[in-house]
Amino acid sequence: MQVTRSMKPEDLPQRLFKAFLPRKTANRVNRWYKFRRADYFLVSYPKCGRTWLRAMMSKYYVERYGLPAGTLLDFSNLHYQNREIPRIFFTNDVLNDVLQQIVPPEVISTDKSDYYNRNVVYLTRDPRDVVVSMYFQRTRRDRNYTGTLQDFIHNDVGGLDTILRFYNAWAESFPRIENLLLLKYEEMRADPNLTMERLFEFMGHSPDREIIQHAIDACSFERMQKMERDNQFNRSWLKAEDVN
């Protein structure tokens with residue numbers, strides 16, 4: 001394997017995992033490795049606004065530290081361009097970050113002890129909005145579900161019961177997590193500036209309010225749609241299957 005300057009700045013072990021292990025095995029090993037190396041975890045159920053928050057954080061770090069435009073925060077890639085930026089593991093936790101929409105409630109473990117001594121940012125959203133958003137994700141983006149919204153809400157796999165099981169498992173663990181920041185999607189929509197300030201302060205930064213505003217403006221709903229259409233972040237999971 002040849003390592004060139006054009007490669008993304010990430011740990012050499014991650015490159016080796018991807019180069020020499022089968023894809024599924026590499027993904028599992030990478031997940032384990034990131035979990036051990038992460039400075040902070042940003043945990044949420046899908047459709048809670050994590051991609052939007054991630055995009056705003058990326059824009060903020062890029063401007064504040066003079067990094068290449070269009071770079072999306074991806075665990076350690078910005079950390080290795082400036083060590084003041086922490087390694088952040090964005091995760092759906094037990095949902096394996098890929099199969100979240102087909103996970104039955106009983107698969108979700110209530111044991112969050114691995115997080116008790118870690119730095120955790122937990123992003124939540126009204127579960128009624130989550131299940132509706134997930135329905136549109138499945139029917140109009142992924143196109144792997146053909147039932148009605150009512151059917152999806154009561155679906156044994158990935159429906160409202162799955163969401164509530166995930167929420168309750170985490171809520172019961174909150175008192176045991178030593179360093180926890182709880183963020184709400186609704187509050188982030190109402191006052192994204194305050195949310196970003198709280199987040200960066202939690203991560204030990206003195207937030208620059210002017211740059212925060214620039215990041216928020218750059219990641220408006222309309223601009224996020226355009227970034228998806230144009231695949232500006234060069235990520236398959238951020239590329240719209242149907243741009244209409």
Check your understanding: Do Arg31 and Thr91 pass the side chain to side chain donor-acceptor pair (under 3.5 Å) test, and can you show the C-alpha distance, the side-chain angles, and the key distance before you say yes or no?
Key -> CA-CA 9 Å; Arg31 183 180 176 83; Thr91 178; 3.3 Å; yes
Point to revise | Test side chain to side chain contact (heavy atoms under 4.5 Å, CB included) applied to Phe202 and Tyr40, step by step | key: CA-CA 10 Å; Phe202 177 76; Tyr40 293 89; 3.9 Å; yes
Practice item. Could you go through the side chain to side chain contact (heavy atoms under 4.5 Å, CB included) check for Ile163 and Met134 one step at a time? Key: CA-CA 10 Å; Ile163 299 171; Met134 180 60 78; 5.7 Å; no
Review point. Is there a side chain to side chain contact (heavy atoms under 4.5 Å, CB included) between Tyr135 and Arg140 once you walk through the steps?
Key: CA-CA 8 Å; Tyr135 170 76; Arg140 298 189 181 182; over 6 Å; no
Check your understanding: Can Gln81 and Tyr65 be said to form a side chain to side chain donor-acceptor pair (under 3.5 Å), step by step?
Key -> CA-CA 9 Å; Gln81 296 183 59; Tyr65 297 105; over 6 Å; no
Review point. Does the side chain to side chain contact (heavy atoms under 4.5 Å, CB included) test come out yes or no for His205 and Leu199, once each step is laid out?
Key: CA-CA 9 Å; His205 289 279; Leu199 175 60; over 6 Å; no
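In this view, Asp208 satisfies the salt bridge (Lys or Arg N to Asp or Glu O under 4.0 Å) rule with no residue, not counting sequence neighbours. Scored by the salt bridge (Lys or Arg N to Asp or Glu O under 4.0 Å) test, Glu63 finds no partners at all (sequence neighbours excluded). Not counting sequence neighbours, the partners of Phe200 by the ring pair (Phe, Tyr, Trp, His ring centres under 6.0 Å) test are Tyr60, Tyr61. Remark: Arg209 engages Glu197 in a salt bridge (Lys or Arg N to Asp or Glu O under 4.0 Å) (not counting sequence neighbours). Legend: residues meeting salt bridge (Lys or Arg N to Asp or Glu O under 4.0 Å) with Asp217, ordered by chain and number and at least two apart, are absent.
Here Phe75 contributes atom CZ and Arg37 contributes atom CZ; the two are 7.0 Å apart, rounded to the nearest 0.5 Å. Atoms CD and OG, on Glu201 and Ser206 in that order, are 7.5 Å from each other to the nearest 0.5 Å. To the nearest 0.5 Å, the span separating NZ on Lys34 from CD1 on Ile88 amounts to 12.5 Å. If you take NE2 on His154 and CG on Asp161, they are separated by 9.0 Å, rounding to the nearest 0.5 Å. Atoms CZ and CG, from Arg128 and Leu160 in turn, are 10.0 Å apart once rounded to the nearest 0.5 Å. Of the inter-residue distances, the one linking Leu16 atom CG with Leu21 atom CG reads 9.0 Å to the nearest 0.5 angstrom.
You'll find the side chain of Pro86 stays beyond 4.5 Å of the side chain of His79, heavy atoms only. A 4.5 Å side-chain heavy-atom check between Leu181 and Val120 finds every atom pair outside the cut-off. With a 4.5 Å cut-off on side-chain heavy atoms, Phe174 and Tyr122 count as touching. In this structure, Met57 and Leu42 have side chains that are in contact, with non-hydrogen atoms separated by less than 4.5 Å. Looking at Thr124 and Leu183, their side chains never come closer than 4.5 Å, going by heavy atoms from C-beta outward. In this structure, Ile85 and Leu67 have side chains that are in contact, with non-hydrogen atoms separated by less than 4.5 Å. At a threshold of 4.5 Å between non-hydrogen side-chain atoms, the residues Leu194 and Met188 do not count as touching. Contact check for Val130 versus Cys48: side-chain heavy atoms found under the 4.5 Å cut-off.
When all heavy atoms are compared, the tightest approach of Glu106 to Arg165 is O-NH2, 4.2 Å. Taking all atoms of both residues into account, the shortest heavy-atom contact from Ser76 to Arg87 is CB-CG, 3.7 Å. The minimum heavy-atom distance linking Trp52 with Cys219 is given by the pair NE1-O, 3.0 Å. Contact between Thr71 and Leu78 at its shortest, heavy atoms only, is CG2-CD2, 3.3 Å. Residue Pro175 comes nearest to Ala171 through the heavy atom pair CD-O, 3.8 Å, listed as atom of the first residue, atom of the second, then distance.
The closest donor-acceptor contact from the side chain of Arg64 to the backbone of Ile212 lies at 3.5 Å or more, if one exists at all. Under the 3.5 Å distance criterion, the side-chain polar atoms of Ser173 are matched with a main-chain donor or acceptor of Ala169. Panel note: side chain Asn77, backbone Leu72; a donor-acceptor pair is recorded below 3.5 Å. Between the Arg143 side chain and the Arg138 main chain, no donor and acceptor come within less than 3.5 Å of each other. Using modelled atom types, one side-chain atom of Arg118 and one backbone atom of Phe35 make a donor-acceptor pair closer than 3.5 Å. A side-chain donor-acceptor contact under 3.5 Å links Ser58 to the backbone of Leu73.
Taking the ring centroids of Phe152 and Tyr145, they lie under the 6.0 Å cut-off. The aromatic ring centres of Tyr115 and Trp170 sit less than 6.0 Å apart.
Applying the side chain to side chain donor-acceptor pair (under 3.5 Å) test to every pair with at least one member in residues 174-193, sequence neighbours left out, gives these pairs: Asn119-Asn179, Asn193-Gln213.
Within 6.0 Å of CD in Gln150 there are 12 or fewer heavy atoms belonging to other residues, nucleotides or ligands.
Arg54 has a carboxylate O that lies under 4.0 Å from a charged side-chain N of Asp74, or vice versa, which qualifies the two as a salt bridge.
Counted by atom type alone, Ser113 and Asp111 present one or more donor-acceptor pairs between their side chains at under 3.5 Å.
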